[in-house]
Engineer: 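Got a structure here, written out as structure tokens. Questions coming.
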2 protein chains.
Amino acid sequence: MNRPRRAPTRETATDAGPPIKTTARRAAKQRAEVNVDGLTSVAGYLIRQAQLWVFEDFVETLAPLSLRPAQYSMLVVIRDNAGLSQMALAEVLGIGRSGIIPPLDYLESRGLLQRSPTSDRRTHALHLTAQGTKLLAEADKLVHQHEQRLMEKVGPRGYQQLLRVLAVFGTRS
Amino acid sequence: MNRPRRAPTRETATDAGPPIKTTARRAAKQRAEVNVDGLTSVAGYLIRQAQLWVFEDFVETLAPLSLRPAQYSMLVVIRDNAGLSQMALAEVLGIGRSGIIPPLDYLESRGLLQRSPTSDRRTHALHLTAQGTKLLAEADKLVHQHEQRLMEKVGPRGYQQLLRVLAVFGTRS
DNA sequence: AATGATTTGTTCATGTCAAGAACAATTACC
DNA sequence: GGTAATTGTTCTTGACATGAACAAATCATT
């Protein structure tokens with residue numbers, strides 16, 4: 001599709017006679033005055049926007065430890081369920097079993113967890129190392145700060161309502 | 001280490017085989033035993049899980065109209081802000097200005113919107129066509145059904161709390 | 001009016017990420 | 001015992017956001 005990069009000489013807009021605005025005002029107005037009421041009543045849109053904000057702050061929060069959000073969640077689940085299999089971890093996180101392998105490889109290469117053999121020689125038992133436990137404790141502090149920022153954003157009351165309402169999605173069933 | 005590496009040897013496809021019987025009893029059992037309390041207190045995790053549920057239902061909701069969620073949101077903003085530029089649309093949706101071009105091309109190719117020239121010949125004014133307006137009305141009905149399903153999931157009270165709390169993220173400023 | 005800077009739409013290269021197929025080793029089931 | 005299912009792994013594919021680079025047009029400053 002070799003379309004011209006930018007339609008060079010389109011037909012002129014002489015017939016429309018659009019309202020002429022000063023450019024300074026146009027830039028400001030177009031940014032500030034776009035009506036999004038049609039979207040703010042759709043919960044899916046709001047949840048997506050909230051997720052973008054939270055995710056961005058979460059990433060920055062854990063960046064000093066070189067941990068990605070998904071990796072943090074893996075460490076937490078492994079800490080609270082020492083010895084679980086990769087399959088169980090994948091299902092609980094809602095990821096395909098092939099999707100957790102790269103992050104697990106990464107975490108293992110950093111010495112934060114280990115894959116131990118079990119009686120069922122197909123599976124690996126996942127455990128945190130001492131180093132992993134220590135780093136996760138650090139991460140928990142940072143995550144707590146992140147939660148504080150979210151609480152400032154939505155208010156203490158809104159924060160608790162959020163946790164209560166969204167608890168339905170916490171357990172995948 | 002001494003663990004045998006199970007590396008597949010790429011070979012031609014064997015017979016696909018019959019449909020697999022779901023013996024996921026074990027998996028379901030193991031999943032039920034996994035403790036995820038360490039994550040359900042993190043709002044970011046809950047929001048992500050909620051977003052996954054909502055997004056999946058949203059996609060299925062709009063599938064009969066061959067509309068993706070992002071495309072629906074574009075149509076809504078264009079309807080409520082007829083004539084806005086691609087830059088303004090991109091900013092309001094939180095996407096890069098290069099990211100909206102493929103979906104806009106798609107929507108335009110379906111005859112749902114049109115890019116009209118303006119006095120500023122760099123910009124395009126986005127408008128819904130009659131067909132686009134009609135399809136969006138259909139989509140709105142389906143989205144309303146989607147919102148009903150979400151309300152059943154979190155309860156009427158939880159639904160309204162959700163909208164109220166997340167309203168903070170609705171306007172990007 | 002001239003000219004350099006900025007804006008807009010577009011293309012392209014890249015990186016990330018999830019989903020799924022295929023496969024080896026192992027175990028479960030009948 | 002033999003067939004089916006499970007687990008971990010690799011690889012391929014496709015969607016999608018990101019950012020650079022670029023042409024056309026407009027703005028800003030003199």
Side-chain angles (χ1 to χ4, degrees), chain A residues 1-10 12-13 20-28 30-31 48 52 55-56 59 68-71 84-91 93-106 108 115-126, chain B residues 3-31 48 52 55-56 59 68-71 84-91 93-106 108 115-126:
Chain A
M1 299 163 54
N2 269 344
R3 220 174 123 183
R5 300 204 155 171
R6 174 163 178 78
T9 50
R10 287 265 183 245
T12 58
I20 301 174
K21 305 167 185 174
T22 65
T23 57
R25 298 186 57 170
R26 175 179 51 84
Q30 281 199 352
R31 284 198 188 91
R48 171 174 156 75
L52 288 177
F55 194 79
E56 182 181 354
V59 168
R68 309 241 353 161
Q71 296 163 2
L84 88 167
S85 69
Q86 297 186 191
M87 237 349 239
L89 178 63
E91 275 213 25
L93 295 182
I95 322 175
R97 71 177 191 270
S98 63
I100 60 170
I101 298 199
L104 283 184
D105 286 346
Y106 172 74
E108 190 178 26
R115 295 188 243 216
S116 315
T118 64
S119 61
D120 184 340
R121 287 157 65 191
R122 291 172 302 184
T123 71
H124 297 159
L126 300 173
Chain B
R3 185 165 63 244
R5 285 293 161 199
R6 290 178 279 209
T9 59
R10 197 124 317 267
E11 188 66 26
T12 57
T14 60
D15 183 56
I20 47 178
K21 291 182 178 180
T22 56
T23 54
R25 295 172 301 221
R26 163 185 289 260
K29 188 181 177 184
Q30 283 192 353
R31 176 179 51 200
R48 170 173 158 75
L52 288 178
F55 194 79
E56 182 181 354
V59 168
R68 310 244 345 151
Q71 297 164 1
L84 87 167
S85 70
Q86 297 187 190
M87 260 313 272
L89 178 62
E91 242 191 72
L93 295 182
I95 322 176
R97 72 178 190 271
S98 64
I100 59 172
I101 297 198
L104 282 184
D105 286 345
Y106 171 74
E108 190 177 26
R115 297 187 241 215
S116 315
T118 66
S119 62
D120 183 340
R121 286 159 65 195
R122 292 172 300 184
T123 70
H124 296 159
L126 299 174

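Throughout, a chain's letter reflects where its sequence line sits, starting with A, and its residues are numbered from 1. What you see is a predicted model; the values in this text were computed from it and never measured.
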Engineer: Rounding to a whole Å, what distance do you find between A:His124:NE2 and C:dT26:P?
Structural biologist: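 The answer, rounded to whole Å, is 10 Å.
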Engineer: Between OG of B:Ser98 and CD of B:Gln86, what distance do you get to the nearest 0.5 Å?
Structural biologist: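 Reported to 0.5 Å precision, the distance equals 11.0 Å.
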Engineer: Which whole-number value in Å describes the distance from B:Ile95 CD1 to C:dT8 C1'?
Structural biologist: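 Distance, rounded to whole Å: 16 Å.
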Engineer: Working to the nearest 0.5 angstrom, can you tell me the gap between B:Ile100 CD1 and B:Glu91 CD?
Structural biologist: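 Between B:Ile100 CD1 and B:Glu91 CD, I get 10.5 Å after rounding to 0.5 Å.
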Engineer: Identify all pairs in which a protein N or O lies below 3.5 Å from an N or O of nucleotides 3-5 of chain C, and state each distance.
Structural biologist:
none

Engineer: Output the distance between atom CG (B:Asp105) and atom CZ (B:Arg115), rounded to the nearest 0.5 Å.
Structural biologist: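 Separation between the atoms: 4.5 Å.
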Engineer: Can you find a pair of side-chain heavy atoms, one from A:Thr123 and one from A:Met87, that are under 4.5 Å apart?
Structural biologist: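 Answer no - side chains too far apart.
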Engineer: Measure the distance from CZ on B:Arg97 to C1' on D:dA20 and round it to the nearest whole Å.
Structural biologist: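 The distance from CZ of B:Arg97 to C1' of D:dA20 comes to 10 Å, rounded to the nearest Å.
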Engineer: Taking atom P of C:dA19 as reference, at what distance in whole Å does atom CD1 of A:Ile100 sit?
Structural biologist: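 So the two atoms are 13 Å apart, to the nearest Å.
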Engineer: Work out which heavy atom in B:Pro103 is nearest to a heavy atom in B:Gly99; give both atom names and the distance.
Structural biologist: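 Closest heavy-atom pair between B:Pro103 and B:Gly99: CD-O, 3.5 Å.
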Engineer: When you get a sec, tell me which of D:dA24, C:dG9, D:dT7 is the closest nucleotide to the side chain of B:Arg122?
Structural biologist: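 Nearest to the side-chain atoms of B:Arg122, counting from C-beta on, is D:dA24.
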Engineer: If each of A:Ile101 and A:Arg48 is mapped to the nucleotide of DNA chain D with the nearest heavy atom, which maps nearer the 5' terminus, i.e. the 5' end?
Structural biologist: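 Result: A:Ile101.
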Engineer: The side chain of B:Ser98 is closest to which nucleotide in this list: D:dT10, D:dA25, D:dG19?
Structural biologist: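 Nearest to the side chain of B:Ser98 among the choices is D:dG19.
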Engineer: Measure across A:Ala90 and A:Arg97 and return the closest heavy-atom pair with its distance rounded to 0.1 Å.
Structural biologist: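 Smallest heavy-atom distance, with atoms named: CB-CA, 3.8 Å.
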Engineer: It should be established whether B:Gln86 places a side-chain nitrogen or oxygen under 4.0 Å from OP1 or OP2 of nucleotide C:dT10.
Structural biologist: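 Checking C:dT10 against B:Gln86, a side-chain N or O does come within under 4.0 Å of OP1 or OP2.
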Engineer: The side chain of A:Thr123 lies closest to which of these nucleotides: C:dT10, D:dT7, D:dC16?
Structural biologist: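 Taking heavy atoms from C-beta onward, the closest nucleotide is D:dT7.
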Engineer: Please give, in whole Å, the distance from C:dT10 P to B:Glu108 CD?
Structural biologist: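 In whole Å, C:dT10 P and B:Glu108 CD are 8 Å from each other.
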Engineer: Touch check for A:Ser119, heavy atoms < 4.0 angstrom, all strands: base, sugar-phosphate only, or nothing?
Structural biologist: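 Result for A:Ser119 = sugar-phosphate.
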Engineer: Check the distance between D:dC16's C1' and B:Phe55's CZ and give it to me in whole angstrom.
Structural biologist: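 Going from CZ in B:Phe55 over to C1' in D:dC16 covers 10 Å.
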Engineer: Take the protein atom CD of B:Glu91 and the nucleotide atom C1' of D:dA17, then report the distance between them rounded to whole Å.
Structural biologist: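 Taking CD of B:Glu91 and C1' of D:dA17, I get 17 Å after rounding.
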Engineer: Can you tell me if B:Arg68 touches the phosphate of D:dC16, counting only side-chain N or O atoms and a distance under 4.0 Å to OP1 or OP2?
Structural biologist: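 Result: yes.
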Engineer: Rounded to whole Å, how long is the line connecting atom CG of B:Leu104 with atom P of C:dT8?
Structural biologist: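 Distance check: B:Leu104 CG to C:dT8 P gives 15 Å.
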Engineer: Going by heavy atoms in the side chains, are B:Leu52 and B:Arg48 under 4.5 Å from each other?
Structural biologist: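 In short, these two side chains touch, coming nearer than 4.5 Å.
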Engineer: Is A:Arg115 near enough to D:dT9 that one of its side-chain N or O atoms lies under 4.0 angstrom from OP1 or OP2?
Structural biologist: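 For D:dT9, OP1/OP2 do have a side-chain N/O of A:Arg115 under 4.0 Å.
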Engineer: Taking C-beta and beyond as the side chain, do A:Thr118 and A:His124 meet within less than 4.5 Å on heavy atoms?
Structural biologist: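 Counting from C-beta outward, A:Thr118 and A:His124 never come under 4.5 Å.
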Engineer: Please give the angle, rounded to 10 degrees, between the axes at the start and the end of the helix from C:dA1-D:dT30 to C:dC30-D:dG1, where five pairs define each axis.
Structural biologist: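 Roughly 30°, once rounded to the nearest ten degrees.
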Engineer: Please report the closest heavy-atom contact between B:Leu89 and B:Leu126, naming both atoms and the distance.
Structural biologist: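 Minimum heavy-atom separation between B:Leu89 and B:Leu126: CD2-CD1, 3.7 Å.
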